[in-house]
Undergrad: 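Pasting a structure below so you can have a look.
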Amino acid sequence: MKKLDDLQFQANFTEALPGDSSRDFHPRQVKNACYSFVSPTPVSSPKLIAWSDSLAAQFDLARPRDEASAAAILSGNTLLNGMQPFSACYGGHQFGNWAAQLGDGRAITLGDTLDPQRKSWEFQLKGAGITPYSRRGDGRAVLRSSIREFICSEAMFHLGVPTTRALSLVLTGDMVERDMFYNGNPRSEAGAIVCRVSESFIRFGNFEILAARGEVENLHKLLQFTIKNYYSDINQTGQNAYLELFREITRRTALLMAHWMRVGFVHGVMNTDNMSILGVTIDYGPYGWLENYDPSWTPNTTDLPGRRYSFGRQPSIALWNLLRLAEAIAVVLPDQTKELEAILSEYQGVYEQYFLEMQAAKLGLSKVAPESLLELYSLMQTNNMDLTLFFRGLSQWDHSLGTNSLPNFLIASSYEENFSAEQGEAWQAWLKKYMEIVAAENLPPEQRRQKMERANPLYVPRNYLLQEAIELAEQGDYSKVEILLQLFQNPYTKQEGKEAFALKRPDWARNKPGSSTLSCSS
Ligand code: AMP
Ligand code: MG
């Protein structure tokens, strides 16, 4: 097995694309460049507090024995051979409005390294200090948000949802000030750095900023770089290659949305700068996991007035974001706007196909009628059913017990104490129809159960579970971070002694900051 400092790094992005090498890290507008070379700002006493063995194994990387030297690398204090740190320049539409230049204000890419299959992966530190894109920020990240990103990105991977990964979590030893709800109550919090890993961190916004500034040459270069490195299956050339790229990004984004809707994930800040061009989940901020089924739920208090990024709107917001990307690409394809529109018009159909396939699997069926699903979700909403527990309960339900009395799992997964007689009848009617379809499909019960278990996780990073891990970590106890990291490696398999992690959200967590409400302050 390798040690961290055995890894060889290269600089794919910066070698291929034009950049800013002024080494002026003051926040400013960076024109005619896709990135700026930067240096991580040293931290005072880095300490490694969590490590993903599962991701490390992909690089044949051993858990560090010398934690101090690993922490120095994973905080940016020590650079390894071949690392040429940079921050990317990107723009974005935030909450529906063009925000011009944003960029990596606190993320610094160290370099790319090859896995044993010779696939290239970018290592990036989040919270590594000031960059030209920091605007008014301090370039740092706090422990609570870093724990949330670390645990959730690893959990998403094991849930089978496309995502960036996280290798490590390091405490910086420095404090940072944050006003968690922007309400004039700042507090001093521990700083932390996550080492994120992805094939690429390019976002829709990297293209948008070049288009907005009319940097046409650079836009061509970034499109070609993206195709060559991440979409090498595209064999068209010239303009057709760009169209094919956009079609594939659209397809992957639709697939990602269907997964989020399957597992109950709410991103919380689907701005175009938080949309990956690889169709992976990126930038874990004030995200949340749906508990009682409510499509209008958003965990992000910053989003509360309009609920733009609520659970149910995610697929249509993704389309809105794809339209912004299409507008950027149209700058280099002025004669092909019809073709771009045609691709966008396919999005809904592509999404629905993925969505219905996944929903059918959740129900243990080969296909499902949209009307039946609508009926189900409307019942779930009326009775405040926990999304995760309902589907898991349904997968374990023995149909031979019939529906004369309401199955136990229904009551057990509801946040209501009682169902009205009318609601009970509506459930019985739905379940009866469901049983008939199941019977007609004729899949042996054991196989159906397995199929349903593979589509319906038992353990998800419920906000209150993360909050408990965070509160302990803020006292210096990282045990729960480790427990959750391990637990979420097998989210679909019942684990001995882990019953407490597969329960309904307790009452105390219903309105607790961090458990039910979050903000962009991180
Ligand atoms: P987000 O909402 O986290 O996606 O961030 C939006 C923009 O704000 C990105 O350009 C981030 O790099 C930047 N940003 C967020 N927090 C900080 C911070 N503490 N310091 C500097 N830039 C930040
Ligand atoms: Mg972001």
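Both ligands and their constituent atoms are indexed starting at 1 by order of listing. Both backbone and side-chain heavy atoms feed into the values below; hydrogens, waters and symmetry mates do not.
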Undergrad: Does the structure place the NZ or CZ of Arg165 under 6.0 Å from the centre of the six-membered ring of Phe157, at an angle of no more than 45° from the ring's axis?
TA: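 Positive - Arg165 is close enough to the ring of Phe157 and near enough to its axis.
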
Undergrad: Test of understanding: with side chain to side chain contact (heavy atoms under 4.5 Å, CB included), list the residues that count as partners of Glu341, not counting sequence neighbours.
TA: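 None.
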
Undergrad: Given 3.5 Å as the limit, does a donor-acceptor pair link the side chain of Asn300 with the main chain of Gly268, or not?
TA: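 Between the backbone of Gly268 and the side chain of Asn300 there is a qualifying donor-acceptor contact (under 3.5 Å).
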
Undergrad: Starting from the N and O atoms of ligand 1, find every protein N or O within less than 3.5 Å and list the pair with its distance.
TA:
residue  : atom   : partner : partner atom : Å
ligand 1 : 4 (O)  : Asn274  : OD1          : 3.0
ligand 1 : 4 (O)  : Asn274  : ND2          : 3.2
ligand 1 : 8 (O)  : Arg135  : NH2          : 2.6
ligand 1 : 10 (O) : Gly103  : O            : 2.6
ligand 1 : 12 (O) : Gly103  : O            : 3.2
ligand 1 : 12 (O) : Gly105  : N            : 2.7
ligand 1 : 16 (N) : Arg106  : NE           : 3.2
ligand 1 : 19 (N) : Asp138  : OD1          : 3.1
ligand 1 : 19 (N) : Arg140  : O            : 3.2
ligand 1 : 19 (N) : Arg178  : NH2          : 3.2
ligand 1 : 20 (N) : Asp138  : N            : 3.3
ligand 1 : 20 (N) : Gly139  : N            : 2.8

Undergrad: I'd like to know if Glu474 and Arg187 make a salt bridge, using a cut-off of under 4.0 Å between side-chain N and carboxylate O.
TA: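 Looking at Glu474 and Arg187, the cut-off is met.
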
Undergrad: Show me the side-chain donor-acceptor pairs of residues 7-17 shorter than 3.5 Å, one per line, residues at least two apart or across chains.
TA:
residue : atom : partner : partner atom : Å
Gln10   : NE2  : Asn12   : OD1          : 3.2
Asn12   : ND2  : Ser120  : OG           : 3.1

Undergrad: Would you say Thr302 and Tyr182 are linked by a side-chain donor-acceptor pair, where the criterion is simply a distance under 3.5 Å?
TA: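 Short answer, no.
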
Undergrad: Taking only Lys NZ, Arg NE, NH1 and NH2, and the carboxylate oxygens of Asp or Glu, determine whether Glu199 and Lys119 approach each other closer than 4.0 Å.
TA: yes

Undergrad: What protein N/O/S atoms sit under 2.8 Å from the Mg ion (ligand 2), by chain and number?
TA: Asn274 OD1, Asp283 OD2

Undergrad: Does the structure place the NZ or CZ of Arg308 under 6.0 Å from the centre of the six-membered ring of Trp320, at an angle of no more than 45° from the ring's axis?
TA: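 Pair Arg308/Trp320 counts as cation-pi.
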
Undergrad: Inspect the contact between Glu248 and Arg252 and indicate whether a charged nitrogen and a carboxylate oxygen are less than 4.0 angstrom apart.
TA: yes

